[in-house]
Amino acid sequence: MLEIGLTGGIGSGKSTVALLLVQQGAELVDADALVHELQAPGAPVFLAMVERWGPRIVGGDGTLDRGAVADIVFSDSDELRALNGIVHPAVSAEMTRRREALAATDATVILEIPLLVESGHEGLHGVVVVDVDPEVAVERLMAGRGFEEQDAHDRIGSQASRGERLALADVVIDNNGSLSDLSDEVDRCWTWIESLPRPPLDREIRPIGGRAGRG
Ligand code: ATP
């Protein structure tokens, strides 16, 4: 298994890039998707959160009320720490399980980790960073994802900086252009991935840091 970290700021195009890499033949482990699975009604993280904060974080349809959780942790660092203490170790453990299941194969595994700067990238064979001008990200988040402009700016401002992410990159995917330009960038990235030496199959899988997903 060859393991490549994929990261980028909010709205940079990570999921779009991940899809294109899967079309090339990669396996995807998506930290945000794992968070959502673990927070589904009855799943372990959901249960631990309800134990701590009670029914006020469950919506009328029985699913997690993310807005209610955001309201609780937004201005209270103790509550945020408690949330991170529930979510991050569970995501890290589940991510390790998925990686172990692929470890003895010759798969190319893309680990889509929004918080790669924070979680650390030791043990990965390469890091791909999707880079976009923050103004372009704001426009796309407003057009495609229904964000308010200020909210999009705030979310970008609360993340690691563009420079911090770029400092980790082995390959930078420029997503300031069209989707067709992006596809060309991903082809270039895949050519690089395929040029990497394949690691031995019996390599030990170490957990990637505890802050992989965005709670
Ligand atoms: P998040 O951090 O919220 O998970 P992301 O980094 O995974 O976001 P995407 O969801 O892939 O980003 O892209 C954000 C939005 O921008 C989506 O609506 C997507 O369709 C759109 N988008 C991505 N790349 C381009 C592009 N090159 N041209 C136009 N729209 C794009």
Side-chain angles (χ1 to χ4, degrees), residues 4-24 26-40 45 63-64 66-67 69-70 73-74 83-84 87-88 91-92 94-95 98 109-119 121 124 126-190 193 208-209 211-215:
I4 305 294
L6 172 66
T7 195
I10 181 168
S12 59
K14 294 177 295 297
S15 303
T16 310
V17 167
L19 205 66
L20 291 167
L21 290 170
V22 166
Q23 284 169 9
Q24 296 274 14
E27 299 280 345
L28 177 64
V29 176
D30 175 350
D32 269 359
L34 292 186
V35 172
H36 278 82
E37 280 178 38
L38 293 167
Q39 289 179 335
V45 170
T63 64
L64 190 67
R66 295 176 193 283
V69 176
V73 303
F74 182 68
L83 176 66
N84 288 340
V87 174
H88 293 151
V91 173
S92 178
E94 184 56 31
M95 187 172 263
R98 307 265 169 125
V109 181
I110 304 297
L111 300 166
E112 185 183 341
I113 303 181
L115 301 182
L116 194 66
V117 169
E118 294 86 344
S119 72
H121 62 289
L124 297 178
V127 172
V128 173
V129 173
V130 187
D131 182 58
V132 73
D133 185 317
E135 291 305 324
V136 175
V138 168
E139 272 169 33
R140 287 182 185 157
L141 287 169
M142 290 168 63
R145 306 266 298 276
F147 271 72
E148 298 291 333
E149 184 171 4
Q150 189 57 48
D151 191 26
H153 277 291
D154 290 348
R155 294 285 292 273
I156 289 171
S158 72
Q159 295 192 324
S161 71
R162 197 176 176 185
E164 283 174 302
R165 271 190 299 270
L166 289 174
L168 294 187
D170 295 302
V171 167
V172 177
I173 291 186
D174 178 346
N175 190 20
N176 289 295
S178 66
L179 285 170
S180 155
D181 295 334
L182 181 62
S183 176
D184 291 344
E185 286 284 288
V186 173
D187 286 348
R188 185 177 61 81
C189 175
W190 185 251
I193 289 173
I208 309 263
R211 295 205 53 195
R214 283 180 288 191

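Indexing begins at 1, ligand by ligand and atom by atom, following the structure's order. These numbers come from the heavy atoms of this one structure, side chains and all, not from hydrogens, waters or symmetry mates.
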Report summary line: Interatomic distance, CG@L124 vs OG1@T7, rounded to 0.5 Å, equals 10.5 Å
Report task. Could you see which bit of S178 sits under 4.0 Å from ligand 1, with heavy atoms only: side chain, backbone, both or neither? Result -> backbone
Query raised in the report: Between L28 and L21, does a side chain to side chain contact (heavy atoms under 4.5 Å, CB included) hold up when you go through it step by step?
Result: CA-CA 8 Å; L28 177 64; L21 290 170; over 6 Å; no
Report task. Give yes or no for whether the N/O distance cutoff of 3.5 Å, strictly under, is met between L141 and ligand 1. Result -> no
Query raised in the report: Short N/O distance, under 3.5 Å, between D32 and ligand 1?
Result: no
Report summary line: Distance col, row L38:CG vs M95:CE, nearest 0.5 angstrom, shows 10.5 Å
Requested in this report: Could you tell me whether some N/O pair between G11 and ligand 1 is separated by less than 3.5 angstrom?
Outcome: yes
Query raised in the report: If you round to the nearest 0.5 Å, how far is NZ of K14 from CD1 of I173?
Result: 12.0 Å
Query raised in the report: Does A18 reach ligand 1, in the sense of a heavy atom lying below 4.0 Å from it?
Result: no
Query raised in the report: Strictly under 4.0 Å, does any heavy atom of A143 approach an atom of ligand 1?
Result: no
Query raised in the report: Donor-acceptor pair, R165 side chain versus A160 backbone, under 3.5 Å?
Result: yes
Query raised in the report: Got a second to check how far D184's CG is from S180's OG, nearest 0.5 Å?
Result: 5.0 Å
**Report entry** Proximal atoms of ligand 1 relative to I10 (non-hydrogen, under 4.0 Å)
**Finding:** 2 (O), 3 (O)
Query raised in the report: For ligand 1, which atoms have a heavy atom of T16 less than 4.0 angstrom away?
Result: 9 (P), 11 (O), 13 (O), 23 (C)
Query raised in the report: Can you list the atoms of ligand 1 that are under 4.0 Å from a heavy atom of S15?
Result: 5 (P), 7 (O), 11 (O)
Query raised in the report: Quick one: does G13 get an N or O within less than 3.5 Å of an N or O on ligand 1?
Result: yes
**Report entry** D133 side chain to N176 backbone, donor-acceptor under 3.5 Å
**Finding:** no
Query raised in the report: Quick check: does S12 get an N/O under 3.5 Å from an N/O on ligand 1?
Result: yes
Query - R155, Q159, M142, R145: member with heavy atom nearest to atom 10 (O) of ligand 1 - result: R145
Query - Expected output: side-chain S12 to main-chain D131 donor-acceptor under 3.5 Å - result: no
